[in-house]
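First up is the structure itself, then whatever we jot down about it.
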There are 2 protein chains.
Amino acid sequence: MKQQEVFKAMADPTRRAILKRLQGGALTAGEIGAAFDITPASLSHHFAVLKQADLVRTERRGQFIVYSLNSTVFEDLARMLMDLFPSKGNVGGKK
Amino acid sequence: MKQQEVFKAMADPTRRAILKRLQGGALTAGEIGAAFDITPASLSHHFAVLKQADLVRTERRGQFIVYSLNSTVFEDLARMLMDLFPSKGNVGGKK
DNA sequence: TAGATAATTAGATATTTTTCTAAATATTGC
DNA sequence: GCAATATTTAGAAAAATATCTAATTATCTA
């Protein structure tokens, strides 16, 4: 996992909202964008950041581009956080 | 949990390294800073961001200020991530 | 093939963040 | 109280990020 990319991607509220919208299933860029008061160009930038972090997957369907969550990266991130704080049986974190 | 503050705090590699150093137990600002090629002032700024996010706690001990992890926020964050991605029994996420 | 629609890329600007130096505050020990 | 040490705060400069408009690419349909 590209740790830096993932954390950077998660740091923006618009991007977190995008991810939230994708919880219900895949959506086109336009469908996602409809919920935000932002230009398609800016939205596209956010998509690029999310893709860079491998948090979303894309697939062209004709004219549209369909975005969907890549759950495995969320799982990795959650696991990483767990490793980051000390707890019973895990004082120094793992290598 | 102040979601935005926490994610923003985690987005910087220096701050993540600071948190990592605190895994082994509480340290003074100076002890932490020794590992980074950065001025005390910049470091202090990072501490402020981490404190803002409630990821660390501080306690003055004489001349020194001792920093320690606030594990509960890590747990909250991990939980939040878990909620963010869909899985069996959790399709829409919770309110 | 031309026009319409969906989305991205390019380039510019505004905002935010990181970092620095210098000055200020808090505490210790003489 | 004064000098030394630890840390923070203030203010400025540099770097990164988010956003916009305009132009481009890809696809569909008539």
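Naming convention: chains lettered A, B, ... in sequence-line order (proteins, then strands); numbering from 1 in each chain.
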Could you state the [atom1]-[atom2] distance from [X] to [N], rounded to the nearest angstrom?
{"X": "B:K51", "N": "D:dT9", "atom1": "NZ", "atom2": "C1'", "value": "12 Å"}
{"X": "A:R16", "N": "D:dA18", "atom1": "CZ", "atom2": "P", "value": "11 Å"}
{"X": "A:I65", "N": "C:dA7", "atom1": "CD1", "atom2": "P", "value": "7 Å"}
{"X": "B:R61", "N": "C:dT27", "atom1": "CZ", "atom2": "P", "value": "15 Å"}
{"X": "B:M10", "N": "C:dT18", "atom1": "CE", "atom2": "P", "value": "13 Å"}
{"X": "B:F47", "N": "D:dA6", "atom1": "CZ", "atom2": "P", "value": "14 Å"}
{"X": "B:F7", "N": "D:dT17", "atom1": "CZ", "atom2": "P", "value": "17 Å"}
{"X": "B:K8", "N": "C:dT18", "atom1": "NZ", "atom2": "C1'", "value": "12 Å"}

Between [options], which one does the side chain of [X] approach most closely?
{"X": "A:A41", "options": "D:dT27, D:dT21, D:dT17", "answer": "D:dT21"}
{"X": "A:H46", "options": "C:dC20, D:dA26, D:dA18", "answer": "D:dA18"}
{"X": "A:T39", "options": "D:dT21, D:dT8, C:dA7", "answer": "D:dT21"}
{"X": "A:S44", "options": "D:dT8, C:dT9, D:dA18", "answer": "C:dT9"}
{"X": "A:R60", "options": "D:dT8, C:dA7, D:dA26", "answer": "D:dA26"}

Under 4.0 Å, counting only non-hydrogen atoms across every strand here, what does [X] touch: a base, just sugar-phosphate, or nothing?
{"X": "B:R15", "result": "sugar-phosphate"}
{"X": "A:Y67", "result": "sugar-phosphate"}
{"X": "A:I38", "result": "sugar-phosphate"}

**Request:** Could you check B:R61 against B:E59 for salt bridge (Lys or Arg N to Asp or Glu O under 4.0 Å), going step by step and ending with a plain yes or no?
**Result:** CA-CA 6 Å; B:R61 201 169 310 180; B:E59 176 201 351; 3.6 Å; yes
**Item:** Stepwise side-chain contact (heavy atoms from CB on, under 4.5 Å) check, B:M10 with B:L55
**Value:** CA-CA 9 Å; B:M10 297 294 297; B:L55 282 162; 3.9 Å; yes
**Request:** Look at the side-chain N and O atoms of B:S42 and state whether any lies under 4.0 Å from the OP1 or OP2 oxygen of C:dC20.
**Result:**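 Looking at the OP1 and OP2 atoms of C:dC20, one of them is under 4.0 Å from a side-chain N or O of B:S42.
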**Prompt:** Does OP1 or OP2 of C:dT18 have a side-chain N or O of B:T14 closer than 4.0 Å?
**Reply:**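 So the side chain of B:T14 is outside the cut-off, no N or O lying under 4.0 Å from OP1 or OP2 of C:dT18.
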**Request:** Nearest-nucleotide wise, let me know which of B:H45 and A:P40 is further upstream toward the 5' end of DNA chain D.
**Result:**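 Here B:H45 is the residue nearer the 5' end.
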Where [X] and [Y] come nearest, the two heavy atoms and their spacing:
{"X": "A:R60", "Y": "A:I65", "result": "NH2-CD1, 3.7 Å"}
{"X": "B:A9", "Y": "B:L50", "result": "CB-CD2, 4.2 Å"}
{"X": "A:L77", "Y": "A:M1", "result": "N-SD, 4.0 Å"}

**Item:** Polar pair under 3.5 Å, donor/acceptor by atom type, side chain B:Q63, base D:dT5
**Value:**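 Counting by modelled atom types and ignoring angles, a donor-acceptor contact under 3.5 Å is found here.
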